[in-house]
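Only one structure is covered here, and it is reproduced in the block below.
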Number of protein chains: 2
Amino acid sequence: MITQQPGGQVSVLAFDIFGTTVDWRTGVADQVAEIAAQCGAALDAGTFADEWRDRYLPSMGRVRTGEREWVYLDTLHRESLDQLLEQHGVGDAFDEPARRRLVLAWHRLPAWNDAIAGLTRLRTRYILAALSNGGFALLTHLIKTAGLPFDCILSAELARTYKPDPLVYRTAAGLLDLPPAQVMMVAAHTWDLHGAHEAGLRTAFLERPLEKGPDRAADRAADVTSDLAVAGFTELAEALGC
Amino acid sequence: MITQQPGGQVSVLAFDIFGTTVDWRTGVADQVAEIAAQCGAALDAGTFADEWRDRYLPSMGRVRTGEREWVYLDTLHRESLDQLLEQHGVGDAFDEPARRRLVLAWHRLPAWNDAIAGLTRLRTRYILAALSNGGFALLTHLIKTAGLPFDCILSAELARTYKPDPLVYRTAAGLLDLPPAQVMMVAAHTWDLHGAHEAGLRTAFLERPLEKGPDRAADRAADVTSDLAVAGFTELAEALGC
């Protein structure tokens with residue numbers, strides 16, 4: 001199905017990471033719980049992870065729109081963290097080293113159960129790239145620690161802006177020396193696929209109903225317009241003939 | 001030895017590729033021989049590979065010094081190829097598709113015998129990056145095809161200049177979010193290590209006496225000043241405690 005569309009054959013699959021390939025909520029909540037306990041602070045770690053992530057898109061949006069200069073995602077995470085700790089009235093409990101460790105929680109997150117097996121299958125036929133708003137160093141740490149078999153890492157940092165700015169996707173295709181239509185973006189978020197489509201990439205929606213935990217709704221396939229929509233990495237490998 | 005030097009502990013090893021990690025001469029000569037035979041042209045493939053490579057440093061030097069704008073390595077390879085084919089009086093034998101295939105020979109080269117095993121050992125303790133003058137796409141193809149277990153790919157293309165411009169090494173350290181002294185450049189070429197040292201990186205000379213074939217002299221350990229000098233990937237892994 002994919003190869004019959006205009007614009008040439010897809011040879012690269014570019015994967016979103018947070019939420020699509022790794023379970024950010026479980027990983028961040030577990031590390032928040034551990035560090036909060038060590039600091040003697042009472043926090044609902046799951047709620048804290050949600051609130052931290054809620055500040056993610058708005059903080060990047062200020063860079064994307066030019067309201068502020070380019071800053072690394074780690075810096076945005078740190079600013080959001082500092083605000084949240086104050087808001088929860090626990091700022092005094094978290095010293096500088098604890099806050100640094102919390103920011104580094106985003107460098108070490110568990111892969112979703114189907115990710116490594118699915119990527120391993122897909123890698124036999126496609127070039128697999130990570131394409132995330134995480135910085136290059138963050139992604140390098142995350143992918144190494146989680147053992148994810150990518151062929152290369154591409155970060156929004158290389159375009160010095162953030163997804164869904166079309167420049168991020170075009171920079172990625174340019175570095176891969178391919179027309180955008182020969183790259184397929186795989187993501188669990190409609191806003192990401194919308195940006196990729198704007199830049200001329202193919203799109204695959206990968207459903208992660210539990211991405212935001214059991215109590216919050218994630219994007220669902222029924223609400224998305226994309227070239228392909230799948231329930232996970234296994235179905236993606238099957239849909240792409242791997 | 002390495003960890004006791006000032007500037008912090010080395011956590012990333014950055015590897016040169018052509019000559020250090022892969023055997024460019026055998027790979028290019030084999031593909032030249034194959035394509036020349038298909039084109040009905042008589043060429044000494046080994047000599048042709050040598051002459052092609054001889055134009056490599058001068059062609060990049062014109063970009064590095066600002067004499068010309070940034071161009072991809074594939075473009076430099078193509079220009080050198082066109083000149084060489086004319087010089088050998090076989091220009092008519094090689095049509096456009098044959099010349100494109102020849103340029104792509106540099107995207108598919110065999111790893112040196114010790115590279116995969118050595119990198120696999122080193123990867124248990126260090127982040128392994130490719131840092132080459134090859135473009136990002138070229139390196140992605142090369143590393144995937146050769147099965148080299150790198151954690152990430154960094155290309156001179158990301159700095160839009162060429163090694164040994166110190167900007168290439170500094171850009172790499174910056175993307176890894178590390179001070180230059182925590183990155184060690186591993187290369188078989190003194191000019192590469194000199195550039196890395198200028199940029200503040202640690203350096204490891206890796207001897208490849210046959211890099212330029214049996215009849216030409218490669219750089220030797222005795223002539224090099226570096227933090228470390230080894231005879232190959234196995235000795236590098238041992239020297240770094242892996």
Side-chain angles (χ1 to χ4, degrees), chain A residues 11-14 17 70-75 77-78 100 103-104 106-108 119-120 122-132 134-160 171-179 182-183, chain B residues 11-14 17 70-75 77-78 100 103-104 106-108 119-120 122-132 134-160 171-179 182-183:
Chain A
S11 60
V12 173
L13 304 177
I17 300 299
W70 160 259
V71 285
Y72 282 72
L73 185 62
D74 284 1
T75 305
H77 276 151
R78 174 58 189 267
R100 288 192 188 169
V103 167
L104 290 177
W106 293 92
H107 291 226
R108 199 181 58 178
L119 290 170
T120 301
L122 289 159
R123 200 180 186 190
T124 59
R125 186 173 284 196
Y126 295 91
I127 292 170
L128 307 187
L131 181 53
S132 162
F136 192 88
L138 178 156
L139 291 171
T140 301
H141 301 154
L142 185 63
I143 286 165
K144 185 179 180 74
T145 307
L148 293 163
F150 283 106
D151 292 306
C152 62
I153 294 171
L154 289 165
S155 164
E157 181 182 356
L158 299 174
R160 292 182 81 78
T171 299
L175 285 167
L176 294 161
D177 203 17
L178 288 174
Q182 292 179 27
V183 180
Chain B
S11 61
V12 173
L13 304 178
I17 300 298
W70 160 257
V71 285
Y72 282 73
L73 185 60
D74 285 1
T75 304
H77 276 151
R78 174 59 188 266
R100 287 192 191 170
V103 168
L104 290 177
W106 294 92
H107 291 225
R108 199 180 58 178
L119 290 171
T120 301
L122 290 159
R123 200 180 186 189
T124 59
R125 187 174 285 196
Y126 294 92
I127 292 170
L128 307 186
L131 181 54
S132 162
F136 193 87
L138 179 155
L139 291 171
T140 301
H141 301 155
L142 186 62
I143 286 164
K144 184 179 180 73
T145 307
L148 293 162
F150 283 107
D151 291 307
C152 63
I153 294 171
L154 289 165
S155 164
E157 182 182 354
L158 299 174
R160 292 181 82 77
T171 299
L175 284 168
L176 294 161
D177 204 16
L178 288 174
Q182 293 179 28
V183 180

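Naming convention: chains lettered A, B, ... in sequence-line order (proteins, then strands); numbering from 1 in each chain.
- Checked by atom type and distance alone, the side chain of A:Lys144 pairs as donor or acceptor with a backbone atom of B:Tyr126 at under 3.5 Å.
- Note on B:Asp177, B:Leu139, B:Ile127: by heavy-atom pairs under 4.5 Å with chain A, the leading option is B:Ile127.
- Enclosure of atom CZ in A:Arg123 by more than 12 non-hydrogen atoms of other residues, nucleotides or ligands within 6.0 angstrom is indicated.
- The number of heavy-atom neighbours closer than 6.0 Å to CZ of A:Arg108, taken from other residues, nucleotides and ligands shown, is 12 or below.
- Proximity to chain B among residues 146-155 of chain A is limited to A:Asp151, A:Cys152, A:Ile153, A:Leu154, judged by heavy-atom separations below 4.5 angstrom.
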Is there a side chain to side chain contact (heavy atoms under 4.5 Å, CB included) between B:Leu158 and A:Leu175 once you walk through the steps? CA-CA 9 Å; B:Leu158 299 174; A:Leu175 285 167; 3.8 Å; yes

